[in-house]
Amino acid sequence: MGNGQNIYHFSYYGLYNPFIVLSYCFPFIDMGTYIMIVMILCLIASTLLFYTWLISRQISKPISFLVSLMFVCSAPMIYHSYHQISFVNYMPFLILAFIGIDRFFNQHSIFLFVLSVWLMILTSFYFSVSGILVLILYGFFRYLQMHPVFHFKQFLKDGFRFLMPICIAIGLSGILLIPTFFVLFSGRNQHAWLSLKELLIPNLNFIRFLYDPYGLGTTSFTFGILFSILCFEKKEERILVWICIILFCIPLFSYILNGGLYIRNKVWIPFLPLLYFLVASYCSEEKKTHSFLWIPWILVLLLNAFYSHSILYGIEALLFLLCHKKKTIGLCVSILCLCICNSFIQDPLSYTEYKNMISKSNISSYPYRMETNTYEKETINRIDHLNQYRSSIYSSSYNSDFYAFQRYTFQTEQPYRNRFMQPCSKNPIYQMLMSTKYIGQTKNENVFPMAYTTKQVISKKVYDSLSFPYNQLSFLQGSVIQNTDSSFMPSFDLQKMNLPESKSIQSKVDQEEILDGFQAKKGDLIMIQFLVKNHKDEDVSIWIEDIKNKLSASSHIYYNENDIFTFVFSSKEDTSNIKIKYGKGDYSLQDIQGWICPASYLQTDVVDQKLQWNTIQGNKMDGHINIHQNQYLITSIPYDDSFEVYVDGQKIAYEKVNTAFLGFPLKKGEHDIHIEYHAPGFQLGLMSTIVSMIVWFTMEYLRIHQKIVLLEMSKNEES
């Protein structure tokens with residue numbers, strides 16, 4: 001993916017996820033089928049573990065059962081078990097960690113605590129941050145339960161002992177976290193810098209936590225109980241609820257837990273077990289008659305009335321009030337009704353069948369890149385065969401040079417409103433450079449190899465002086481080299497299109513027009529570019545032929561900043577006009593320019609010899625080449641400082657070519673090429689994992705040894 005980048009750019013998806021690692025034991029099961037089976041089992045395991053945990057906390061079986069039902073029916077649990085699985089696939093280990101904390105306090109054992117936190121981090125390091133915060137809050141709650149009289153110095157000592165297992169688990173995850181840390185700070189999109197006002201002013205809209213799969217997805221019933229706890233329950237429960245409400249309401253905490261990318265409620269999903277534990281604890285307590293019990297529920301109703309028009313929330317509060325003073329069975333029935341209501345209002349995910357899958361017969365022994373479909377966002381990161389290489393990528397972390405090449409050097413079209421989605425462009429020049437030979441069932445023979453030599457070079461200084469479209473076309477005449485004394489200057493003979501310089505659109509529906517004022521022959525490149533000024537905070541989309549460009553609304557959480565629309569495509573026939581469709585909205589187009597480039601430009605002689613690959617496996621690539629004069633070897637592998645390049649067994653220096661890719665000079669003759677990559681931070685991460693493993697086992701050994709000694713002393717005293 002992404003032309004072959006550091007794998008830790010994709011660790012967000014669960015690089016060392018134990019469920020995925022386990023799949024190597026079942027090579028005969030299709031990966032799609034395996035994922036579905038695993039997520040069903042994860043959902044079942046999460047619910048059973050949650051039920052077991054509630055039982056261990058002395059919650060009655062009927063209450064434990066029905067609160068577990070509420071837990072599994074909360075919007076994120078089922079929805080993301082088949083949608084964005086990394087949002088919930090860590091949940092079994094998170095709940096296991098709650099059980100581990102109980103064992104820590106009751107038996108002074110850290111084994112289960114460390115193991116579960118470690119597995120949670122490996123499964124989803126992103127959500128493990130919120131998960132660890134939840135565990136610390138639960139540990140604080142247990143501490144207050146066991147120590148009614150609070151002593152600050154003793155609390156610090158006990159707090160350090162409690163945090164030690166978490167620190168060990170983080171150290172055990174070093175092989176994942178440390179290399180990921182390196183890539184996050186070497187290639188990542190800008191943070192969403194917000195004002196202090198946006199970060200600190202509380203957001204009291206509780207609806208964003210209700211029924212939304214991208215938030216807590218719980219019911220107003222749950223929040224009603226939280227408000228009731230604030231009024232009537234024990235001190236430690238009140239403190240815990242106050243902390244949760246402060247975290248939920250002040251945007252700063254969401255911003256921090258989202259890594260400074262944005263403010264989104266998905267980071268609160270790990271709080272679900274803790275909230276439902278409070279629900280179960282509240283429902284299992286022997287209630288006295290509270291004269292003012294209706295106050296928190298009136299507050300819930302008022303909040304719902306202010307932020308929503310749904311009658312469902314009112315029905316929930318009414319059910320609780322009616323059943324609160326009745327027998328347990330009445331309360332259980334009301335909870336069941338709420339769960340059913342919760343399930344009915346979920347929006348079903350429309351599943352799109354994967355289309356135009358790459359035929360396995362198309363896979364050549366020589367490596368080229370192949371895409372399933374240029375604009376099929378559901379498959380943008382999907383690999384269908386071990387020999388499939390792709391230029392597309394969807395990740396919030398990426399090789400910064402490759403990202404800049406796509407977005408700024410080539411200004412490829414952006415069909416999505418999400419800035420992290422970088423699809424394979426339909427630009428024929430881009431596909432040539434990226435060695436994209438297959439798109440679906442379509443085969444293009446006129447592409448550059450993934451590694452080749454060339455004697456035609458253009459200095460970076462000359463390239464930087466070129467603007468669109470000449471900067472793109474220059475790659476068809478030579479490779480761009482940083483340090484070269486070449487005086488070669490690309491030449492161009494293009495036909496300028498007679499297009500209006502500007503245009504304004506104000507429409508509530510899409511509009512279609514015909515652009516003319518030019519004459520293109522079959523195979524000619526049509527190249528159009530203009531600046532988009534959006535006058536409203538809405539998405540703007542424009543299509544030319546089958547190419548789509550989108551500028552997302554500036555308020556969109558993944559604002560794509562795509563205000564320069566570029567369209568490059570080959571004419572399918574002789575034509576003097578093309579179809580353009582303007583999406584609805586209020587916007588203007590400025591500095592509209594277009595060129596016709598003869599098809600002969602695509603018949604380039606830049607490639608002299610292609611590298612004959614022997615093996616491409618993991619982080620190592622070996623090849624062989626024979627050249628008759630000094631040349632540059634050019635690859636379409638994104639440049640990174642962590643490569644090692646060997647020519648005939650001798651390590652050599654390499655450089656950045658074509659503004660973003662790996663390349664190096666070669667002398668004439670026959671050469672064996674070896675390219676190897678070492679992820680930065682990997683050795684340090686491995687050392688962290690090994691040291692933490694030793695510390696963990698040593699502490700467990702000392703605990704067990706001490707327990708045995710104490711047991712023997714007890715026996716001796718008895719005798």
Side-chain angles (χ1 to χ4, degrees), residues 1-5 9-10 13 187 352 354-359 362-364 366-451 472 475-476 525-527 541 543-550 558 560 562 564-570 572 602 635-638 658-661:
M1 297 178 289
N3 277 40
Q5 303 186 18
H9 284 301
F10 303 93
Y13 296 106
T352 304
Y354 290 123
K355 299 178 180 179
N356 302 320
M357 300 301 293
I358 297 174
S359 170
N362 280 344
I363 296 176
S364 169
Y366 189 86
Y368 286 97
R369 294 195 172 89
M370 48 193 74
E371 301 288 341
T372 304
N373 192 308
T374 50
Y375 293 167
E376 189 75 38
K377 66 180 181 180
E378 290 87 356
T379 62
I380 196 169
N381 277 350
R382 183 182 175 109
I383 301 299
D384 295 294
H385 192 278
L386 288 177
N387 291 336
Q388 182 183 0
Y389 306 95
R390 304 189 66 159
S391 63
S392 57
I393 173 178
Y394 177 24
S395 177
S396 58
S397 175
Y398 39 74
N399 181 286
S400 55
D401 288 317
F402 182 68
Y403 181 85
F405 182 82
Q406 276 199 320
R407 293 298 302 269
Y408 307 117
T409 301
F410 249 77
Q411 297 173 321
T412 56
E413 71 270 20
Q414 299 296 318
Y416 309 123
R417 62 198 314 232
N418 188 335
R419 67 178 179 267
F420 297 132
M421 285 186 172
Q422 300 177 51
C424 173
S425 172
K426 293 188 177 182
N427 184 329
I429 306 173
Y430 180 85
Q431 293 179 3
M432 287 180 67
L433 290 177
M434 296 303 104
S435 190
T436 306
K437 190 171 186 177
Y438 303 98
I439 299 180
Q441 304 300 324
T442 304
K443 184 177 181 181
N444 180 14
E445 295 288 358
N446 189 27
V447 297
F448 293 178
M450 285 172 58
Q472 294 194 11
F475 287 108
L476 302 178
L525 285 179
I526 299 176
M527 314 178 78
S541 297
W543 295 259
I544 297 183
E545 296 299 305
D546 60 345
I547 298 177
K548 177 184 178 182
N549 258 301
K550 179 187 283 287
Y558 296 115
N560 66 9
N562 182 38
I564 297 179
F565 283 14
T566 303
F567 301 86
V568 179
F569 56 96
S570 295
K572 298 177 182 178
L602 297 176
T635 75
S636 53
I637 302 168
N658 283 346
T659 77
F661 302 98

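Only a predicted model underlies this, so the values are computations on that prediction, with no experimental measurement involved.
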Next on the checklist: Working to the nearest 0.5 angstrom, can you tell me the gap between Ser541 OG and Arg417 CZ?
Outcome noted: 9.0 Å
Item to check | Test side-chain contact (heavy atoms from CB on, under 4.5 Å) applied to Leu433 and Phe410, step by step | outcome: CA-CA 11 Å; Leu433 290 177; Phe410 249 77; 3.7 Å; yes
Checklist outcome for this item: Taken to the nearest 0.5 Å, the spacing of Met370 CE from Lys437 NZ works out to 8.5 Å
Checklist entry - Given the rule in the ring pair (Phe, Tyr, Trp, His ring centres under 6.0 Å) test, do Phe420 and Tyr558 qualify, once you have shown the distances and angles that lead to the verdict? => result CA-CA 7 Å; Phe420 297 132; Tyr558 296 115; 5.6 Å; yes
Item to check | Set of residues satisfying ring pair (Phe, Tyr, Trp, His ring centres under 6.0 Å) with respect to Tyr394, sequence neighbours excluded | outcome: none
Checklist entry - Atom CG in Asn444, atom OG1 in Thr436: separation rounded to 0.5 Å? => result 9.0 Å
Checklist entry - Considering residues at least two apart in sequence or located in another chain, which fulfil the side chain to side chain contact (heavy atoms under 4.5 Å, CB included) criterion with Met1? => result Phe10, Asn381, Ile383
Checklist entry - Between Asn562 and Glu413, is a side-chain contact (heavy atoms from CB on, under 4.5 Å) present by the stated rule, with each step listed? => result CA-CA 8 Å; Asn562 182 38; Glu413 71 270 20; over 6 Å; no
Checklist entry - Which pair of heavy atoms, one from Ser435 and one from Pro449, lies closest together, and at what distance? => result OG-C, 3.7 Å
Checklist outcome for this item: All heavy atoms of Asn560 vs all of Asn418, minimum pair found to be CB-C, 4.4 Å
Next on the checklist: I'd like to check the side-chain hydrogen bond (donor to acceptor under 3.5 Å, both in side chains) partners of Gln5; sequence neighbours left out, ordered by chain and number.
Outcome noted: none
Checklist entry - Does Arg369 have any salt bridge (Lys or Arg N to Asp or Glu O under 4.0 Å) partners at least two apart in sequence or in another chain, and if so, which? => result none
Checklist entry - Which pair of heavy atoms, one from Lys550 and one from Tyr416, lies closest together, and at what distance? => result CD-C, 3.9 Å
Next on the checklist: Holding to ring pair (Phe, Tyr, Trp, His ring centres under 6.0 Å), I want the full list of residues that pass it with Phe569, two or more places apart in sequence or in another chain.
Outcome noted: none
Checklist entry - Would Ser425 and Gln431 count as having a side-chain donor-acceptor pair, cut-off 3.5 Å? => result no
Next on the checklist: Are Pro367 and Tyr389 packed together at the side-chain level, in the sense that at least one heavy-atom pair is separated by less than 4.5 angstrom?
Outcome noted: yes
Item to check | side-chain contact (heavy atoms from CB on, under 4.5 Å) evaluation trace for Phe567 with Asn549 | outcome: CA-CA 8 Å; Phe567 301 86; Asn549 258 301; 3.5 Å; yes
Checklist entry - Got a sec, which residues hit side chain to side chain contact (heavy atoms under 4.5 Å, CB included) with Thr566, two or more places apart in sequence or on another chain? => result Gln411, Phe468, Gln472, Gln529, Ile564, Val568
Item to check | Heavy-atom side-chain contact between Asn399 and Ile393 under 4.5 Å | outcome: no
Item to check | Tyr438 side, atom OH; Gln388 side, atom CD - distance, nearest 0.5 Å | outcome: 11.5 Å
Checklist entry - With sequence neighbours excluded, what pairs up with Gln406 under the side-chain hydrogen bond (donor to acceptor under 3.5 Å, both in side chains) test? => result Tyr430
Next on the checklist: Going by the rule side-chain hydrogen bond (donor to acceptor under 3.5 Å, both in side chains), which residues pair with Asn658 if we only count those two or more places apart in sequence or in a different chain?
Outcome noted: none
Item to check | With Ala660 via side chain to side chain contact (heavy atoms under 4.5 Å, CB included) - residues at least two apart | outcome: Asp401, Phe405
Item to check | side chain to side chain contact (heavy atoms under 4.5 Å, CB included) partners for Ser392, two or more places apart | outcome: Glu371, Ile380, Arg390
Item to check | Atom pair OG (Ser397) and NE2 (His9), whose distance is rounded to the nearest 0.5 Å | outcome: 5.0 Å
Checklist entry - Excluding sequence neighbours, so at least two apart, what forms side-chain hydrogen bond (donor to acceptor under 3.5 Å, both in side chains) with Thr409? => result none
Checklist entry - What distance separates Phe402 CZ from Asn3 CG, expressed to the nearest 0.5 Å? => result 4.0 Å
